[in-house]
Amino acid sequence: MNANRTSAIDMDVLTERAPMSSLRKTSLVAGILYLLTFVSIPTIALYRSIHEPNYIVSSGPDTAIIFGGILEIIVALAGIGTAITLYPVLQKQNEGFALGLVAARILESGTIFVGVAFLLSIVTMRQAGVGADALVTSHALVALYDRIFLLGQSFMPAVCDMLLGVLLYKSRLVPRTLSLIGIIGAPLLIAGYIAVLFGVIGRHAPLAALSALPVALFEFSLGIYLIIKGFRPSCY
């Protein structure tokens, strides 16, 4: 009896001390990065003031805009990180799709950087006290941000999640039900993007938010799953 108990204790100690596998590390890092892509949600409120017509000639701190820009930069870097982290695993299923995911994430992140540059340019002009002469320019930069946001954070995520959903579905690295959320959600987000692009619905309309919900659910759920569960053991 004592020998069996001692053996069980020894096995527990060995299990606790066993090094984390490379696949488990990959899933953990990817999961954390996916959750980091949600840190820019507060920018909806943080950027409210910069959409006011007279922002550039108004008074007050620019802290909210600068902080929002930092959050978006974090999202851009985390987005690239997700694709690069998952690439060694996903390329075994389809190297072309895996490379496509990396390229799409880089393009998506590039649009985010450009969008942040537009807004920070307004902040720079405001701090320089350019006055009413820059009103038209500031309005143009805000409009450019809104358009590139629509492209970079509506259309491109749909492309990324379509590629990722297919790769995960084929590989069974995660439950197929989870993969299907991304595969189904991607066309819905593209439909919402096209509707906003042609003025059928507003950018902040309930239908626009609804079209983005499945993709957001897919990425958030994937992040949680990869952190808690990791890749499915049958695929190790």
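Predicted, not measured: the structure shown is a model, and the values here were computed from it.
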Check your understanding: Quick one: do Ile106 and Leu151 end up in the same hydrophobic cluster if we chain Ile, Leu, Val, Met, Phe, Trp and Tyr together by side-chain heavy atoms under 4.5 Å apart?
Key -> no
Practice item. Flag the pair Ile56 / Ile50 as yes when at least one side-chain heavy-atom distance between them is below 4.5 Å, and no otherwise. Key: no
Review point. Would a 4.5 Å heavy-atom cut-off, applied to side chains only, mark Phe67 and Thr43 as touching?
Key: no
Check your understanding: Honestly, is Arg24 close enough over Phe231, meaning NZ or CZ under 6.0 Å from the six-membered ring centre and within 45° of the axis?
Key -> no
Exercise for review: Check the side chains of Asp62 and Tyr55 for a donor-acceptor pair under 3.5 angstrom, ignoring hydrogens and angles.
Suggested key: yes
Revision key, fill the gap. CG of Asn54 to NE2 of His139, rounded to nearest 0.5 Å, is 6.5 Å
Check your understanding: Could you give the distance from CD1 (Ile66) to CG (Leu46), rounded to the nearest 0.5 Å?
Key -> 11.5 Å
Point to revise | Test item: Leu173 and Arg232 side chains (from C-beta on) under 4.5 Å apart, heavy atoms | key: no
Practice item. Determine, stepwise, if the pair Ser179 / Val174 fulfils side-chain contact (heavy atoms from CB on, under 4.5 Å). Key: CA-CA 7 Å; Ser179 304; Val174 300; 3.5 Å; yes
Practice item. Report the distance from atom OG1 of Thr37 to atom CD of Glu108, rounding to the nearest 0.5 Å. Key: 8.5 Å
Review point. OG1/Thr85 to CG/Leu28 distance, rounded to the nearest 0.5 angstrom?
Key: 10.5 Å
Practice item. Give a yes or no on whether Phe97 atom CZ has more than 12 heavy-atom contacts from other residues, nucleotides or ligands under 6.0 Å away. Key: no
Check your understanding: Is Met156 reachable from Leu99 through a run of hydrophobic residues whose side-chain heavy atoms are each under 4.5 Å from the next?
Key -> no
Study note, to complete from the structure: Taking every heavy atom of Leu33 against every heavy atom of Ala78, the minimum-distance pair comes out as O-CB, 3.6 Å
Practice item. Answer with yes or no whether the hydrophobic clustering places Val130 together with Ile122; edges join I, L, V, M, F, W, Y residues whose side-chain heavy atoms lie under 4.5 Å apart. Key: yes
Study note, to complete from the structure: Output for pair (Leu144 CG, Leu119 CG), nearest 0.5 Å, gives 10.0 Å
**Study point:** Ile112 side chain near Ile73 side chain, heavy-atom distance below 4.5 Å
**Key:** no
Practice item. Establish whether Leu35 and Ile228 are linked, either directly or via other cluster members, by ILVMFWY side-chain heavy-atom contacts under 4.5 Å. Key: yes
Check your understanding: Would Ile65 and Ser49 satisfy side-chain contact (heavy atoms from CB on, under 4.5 Å), going step by step from the backbone distance to the final call?
Key -> CA-CA 8 Å; Ile65 311 304; Ser49 62; 3.7 Å; yes
**Study point:** ILVMFWY cluster, Ile80 and Leu167 together (side-chain gap under 4.5 Å)
**Key:** no
Revision key, fill the gap. Rounded to the nearest 0.5 angstrom, the CD1-CZ distance for Ile148 and Phe118 is 5.0 Å
Point to revise | Step-by-step side-chain contact (heavy atoms from CB on, under 4.5 Å) determination, Val159 to Phe155 | key: CA-CA 7 Å; Val159 174; Phe155 179 72; 3.9 Å; yes
Review point. Tell me, do Leu141 and Met125 make a side-chain contact under 4.5 Å, heavy atoms counted?
Key: yes
Practice item. Verify the ring-centre separation between Phe220 and Phe38: is it less than 6.0 angstrom? Key: yes
Exercise for review: Answer yes or no: is there a side-chain heavy-atom contact under 4.5 Å between Leu189 and Tyr193?
Suggested key: no
Practice item. For residues Ile194 and Phe198, determine if any side-chain heavy atom of one lies less than 4.5 Å from a side-chain heavy atom of the other. Key: yes
Review point. Closest approach of Ser211 and Gly192, non-hydrogen atoms and distance?
Key: OG-CA, 3.6 Å
**Study point:** Worked verdict on Asp146 versus His51 for side-chain contact (heavy atoms from CB on, under 4.5 Å)
**Key:** CA-CA 10 Å; Asp146 289 342; His51 283 83; 2.9 Å; yes
Exercise for review: Count the heavy atoms belonging to other residues, nucleotides or ligands that lie under 6.0 Å from CZ of Arg176, then report whether that count exceeds 12.
Suggested key: yes
Check your understanding: Which pair of heavy atoms, one from Ala76 and one from Ser109, lies closest together, and at what distance?
Key -> O-OG, 2.7 Å
Study note, to complete from the structure: Looking only at heavy atoms, the pair that brings Gly68 and Tyr47 closest together is C-OH, 3.0 Å
Check your understanding: Run the salt bridge (charged side-chain N to carboxylate O under 4.0 Å, His left out) check on Glu52 and Arg126 step by step: do they pass?
Key -> CA-CA 13 Å; Glu52 295 175 359; Arg126 186 173 186 250; over 6 Å; no
Point to revise | Minimum heavy-atom distance Leu101-Leu164, with the two atoms named | key: CD2-CD1, 4.0 Å
Point to revise | Check: Tyr169/Gln93 side-chain N/O donor and acceptor closer than 3.5 Å | key: no
Point to revise | Distance-minimising heavy-atom pair for Met162 and Ile183 | key: CE-O, 3.4 Å
Review point. Would a 4.5 Å heavy-atom cut-off, applied to side chains only, mark Tyr87 and Arg105 as touching?
Key: no
**Study point:** Arg203 to Phe149, cation-pi by 6.0 Å centre distance and 45° axis angle
**Key:** yes
